[in-house]
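Remember, predicted model here, so these are calculated numbers, not experimental data. The basis for the numbers below is simple: all heavy atoms, side chains too, and nothing from hydrogens, waters or symmetry mates.
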Amino acid sequence: MGNTEYKDRILHELDSLNREQQRKMLDYLLRIKVSEPKGTSGKELLAFAGSIGKEDLDVMEIAIAEGCEKVDANGW
């Protein structure tokens with residue numbers, strides 16, 4: 001089914017709904033539009049693989065170990 005055929009079918013089905021059903025359909029369409037994942041694909045990010053130097057990675061690893069691996073049981 002081509003893009004135009006989908007649109008025509010959707011419009012045809014939409015016309016058969018009452019006002020409340022059309023409102024629900026609009027809400028649904030807006031939700032699925034927003035729920036689409038956004039960002040950059042991993043394939044595109046591969047171009048950056050290896051671009052951070054070893055020394056910088058070591059500094060980041062130490063910072064994570066010192067600051068992020070601690071759990072504050074009363075913090076939540």
Side-chain angles (χ1 to χ4, degrees):
M1 203 179 268
N3 197 29
T4 302
E5 292 169 311
Y6 280 120
K7 287 180 183 179
D8 291 343
R9 178 71 191 273
I10 291 168
L11 290 174
H12 173 75
E13 295 298 329
L14 190 60
D15 284 340
S16 70
L17 301 177
N18 66 38
R19 185 172 174 84
E20 179 61 18
Q21 290 171 320
Q22 288 179 358
R23 185 196 61 76
K24 288 179 182 179
M25 192 66 207
L26 176 60
D27 289 345
Y28 173 73
L29 289 170
L30 294 173
R31 276 196 315 273
I32 63 171
K33 184 178 174 183
V34 171
S35 69
E36 291 290 320
K38 294 182 179 154
T40 306
S41 72
K43 196 174 198 176
E44 292 179 67
L45 293 175
L46 281 175
F48 298 101
S51 63
I52 300 175
K54 170 96 170 85
E55 191 174 296
D56 290 332
L57 289 173
D58 291 340
V59 170
M60 291 166 60
E61 186 175 13
I62 292 168
I64 291 169
E66 290 177 354
C68 297
E69 293 184 358
K70 296 176 185 166
V71 176
D72 181 0
N74 296 319
W76 298 97

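Partners of L46 according to the side-chain contact (heavy atoms from CB on, under 4.5 Å) rule, which considers only residues two or more places apart in sequence or in another chain, do not exist here. Residues satisfying the side-chain hydrogen bond (donor to acceptor under 3.5 Å, both in side chains) test with E20, not counting sequence neighbours, are R23.
The distance from the CD1 atom of I32 to the OH atom of Y28 is 4.5 Å, given to the nearest 0.5 Å. Within the model, atoms CG of D15 and CD of Q22 stand 7.0 Å from one another, a figure rounded to the nearest 0.5 Å. Going from atom NE2 of H12 over to atom CZ of R9 covers 7.0 Å, rounded to the nearest 0.5 Å. The CG atom of L30 sits 10.5 Å away from the CE atom of M25 when rounded to the nearest 0.5 Å. Considering CG of L29 and CD1 of I10, their distance stands at 7.0 Å, rounded to 0.5 Å.
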Can you give each donor-acceptor pair under 3.5 Å made by side-chain atoms of residues 52-65, sequence neighbours left out, with the distance rounded to 0.1 Å?
| residue | atom | partner | partner atom | Å |
| --- | --- | --- | --- | --- |
| K54 | NZ | D58 | OD1 | 3.0 |
| K54 | NZ | D58 | OD2 | 3.3 |

